[in-house]
Amino acid sequence: MAEKVTPRDVDYSRWYTDIVLQGKLADYSPVKGAMVIRPNGYAIWELIQSNLDRLFKETGHVNAYFPLLIPESFMQKEAEHVEGFSPECAVVTVGGGKKLEENLYIRPTSETIIWAMYKKWINSYRDLPLLINQWANVMRWEMRTRLFLRTSEFLWQEGHTAHETYEEAEEETRKILNVYQKFAEEYLAIPVIPGRKSEAEKFAGAKHTYSIEAMMQDMKALQAGTSHNLGQNFAKAFDVQFQDKEGKLQYVWATSWGVSTRLIGALIMAHSDDRGLVLPPKMAQRPIVMVPIWRGEDQKQEVLDYADGVLKELKAKYNVIFDDRDQYKPGYKFSEWELQGIPLRLEIGPKDVAKNALVMVRRDTMEKQFVNRDGILQTVETALDTMQKEMLERARNFQQENTFDVDDYDTFKEIVNGKGGFIRAHWCGNPECETKVKNDTKATIRNIPFDQKKEAGKCLICGGASDGRVIFAKAY
RNA sequence: CGGGGCGUAGCGCAGUCCGGUUAGCGCACCUGCCUUGGGAGCAGGGGGUCGGAGGUUCAAAUCCUCUCGCCCCGACCA
């Protein structure tokens, strides 16, 4: 086999790049830090979009679109927000050949322009809640970029909601995090840990931030989605008030939440192997490839006729690739589709025609089965369902096997600097202890899990009192 | 911005030290034949401002000067 993919244990980061390029998911663009998402990669994004969009609508949200350019003065209205985002913004200073009166920021996120509009739209409690989502591109000037994981421009969805009370905003924030968790697990087959971010790691301008954290195959953590309770920070900055039932003016309570094309990076790093991409069936627009095999013209016709029947049957439910290209041999085709992560391969040759059978190969396990031609649609459906379930289970086991409870700093450092993983350790809540860990080891607090058990303990660093464990890990 | 490296065909490279026919190789691509149960073979073919500018020379991918760009490693981040 010609080596198109660097094995993971040789160089994980080269492996990742090879998967993306060889799987034709994306390519480098002429613009530094930006990438082109190719059809294979965009197909994954479309599935992320369509499924999440449905889940958002089921929870009462609607879509809208706000402009790419944001007046500089808007960006500067919320103090923490300015501080957090200014360094990574691209700014338009010239338009129509003239220097602009006011610079325009390319959105790094849309809170400011959206809240400027919400001021116009919200007057009464009857206007609330306002539950808007947008699918958009954003730009954050990055020094070091990686395909899908960190590019200057990326695609995402950002939800921005407005509520009457803190409690309602809080409920929304948590509700969305649940949606993200459900999507990650049921569709991406990636188990995640939902929890609250520490003060140091929260979104610039939020009261607090929740996240779902996933473990990649190299034991590093990847933040797969965030949901922020913005409190009244933006309402105050943009003076968005509503009249409540008693006729009193109150500032609106806000949330925002998002996931990005980064999820594609997560999908790759959670499941793929040294042969290439591995897609969970629900993330494959084309879940099946059929490869007909023959020897000589007489066999060719016989095989193609037989295959055509199978194809027609499967097409009722699935988007099937029928690879009858004559210039490539089967082995070549097998590798090519494996590289692109097609979940199921069906091989049809003279022997199968004779036996009224087919050969079915699962991409995740590479397990080869001889299956009966009759009932093929059902067989395929079952195989894809099983695959989807088993991929999640496998990832969950992996995550559990690489999560450790640690009570002393030496062991902590040993693990972090060694094979890595999630470390559940006690923390007193002091940001200084958190910073020390980060400076010593580069590991950070990923989040404080919702399912944290009450457990008396001592902070890993200062020995101060702690009543539960938080998740530490090196992160992408 | 600091440290390291690289620009020669779509991709990966050789040639540069020591200047000299028409700039070469592998992969990919095109045509034909032949093949097809794990990345076949043969024959033919297309494709180059040697990153750019200037200079030295009878002669520059090769030597000199300047310049542009990119990649990797460190300080920010979904």
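- Of all nucleotides listed (A78(B), G39(B), U36(B)), G39(B) comes nearest to the side chain of Glu336(A).
- Between G47(B) and C29(B), the distance separating the two C1' atoms is 9 Å to the nearest Å.
- When all heavy atoms are compared, the tightest approach of Gly205(A) to Phe234(A) is O-CE1, 3.7 Å.
- Remark: Lys207(A) NZ is loosely packed, at most 12 non-hydrogen atoms of other residues, nucleotides or ligands lying under 6.0 Å away.
- Spacing of C1' atoms, U49(B) relative to G4(B), comes out at 30 Å, to the nearest Å.
- Comparing the same atom, C1', in G52(B) and in G7(B) gives a spacing of 11 Å after rounding to whole Å.
- Between U8(B) and U16(B), the two C1' atoms lie 11 Å apart (nearest whole Å).
- Taking the side chain of Arg345(A) as heavy atoms from C-beta on, and the options A78(B), G38(B), G39(B), the nearest nucleotide is G38(B).
- A salt bridge links Lys436(A) with Asp440(A); the closest basic N to acidic carboxylate O contact falls under 4.0 Å.
- G15(B) sits 22 Å from U56(B) when the C1' atoms are compared, rounded to a whole Å.
- Contacts of Met366(A) with the nucleic acid, taken as non-hydrogen atoms under 4.0 Å apart, include base atoms.
- When heavy atoms are screened at a 4.0 angstrom cut-off, Pro292(A) is found touching no nucleic acid atom at all.
- Listed nucleotides G37(B), A40(B), G38(B) differ in distance to Tyr332(A); the shortest reach to its side chain belongs to A40(B).
- Crowding of Arg14(A) atom CZ: a count of heavy atoms from other residues, nucleotides or ligands under 6.0 Å not exceeding 12.
- Closest to the Glu142(A) side chain, of the nucleotides U36(B), C29(B), C76(B), is C76(B).
- Donor-acceptor pairing under 3.5 Å is lacking for the side chains of Asp323(A) and Tyr332(A).
- Remark: the separation of the P atoms in A43(B) and A28(B) is 15 Å, to the nearest Å.
- Gln223(A) comes within contact range of the sugar-phosphate backbone alone, with a heavy-atom separation under 4.0 Å but no base atom that close.
- Distance from the side chain of Lys442(A) is smallest for A75(B) among the nucleotides A78(B), A75(B), U36(B).
- Comparing U22(B) with C18(B), their P atoms sit 24 Å apart, to the nearest whole Å.
- In this structure, Tyr328(A) atom OH and G37(B) atom P are separated by 16 Å, rounded to whole Å.
- When distances run from any side-chain atom of Glu338(A) to the nucleotides G38(B), U36(B), A78(B), the shortest one goes to G38(B).
- Separating the C1' atom of A61(B) from that of G19(B) is a span of 10 Å, rounded to the nearest Å.
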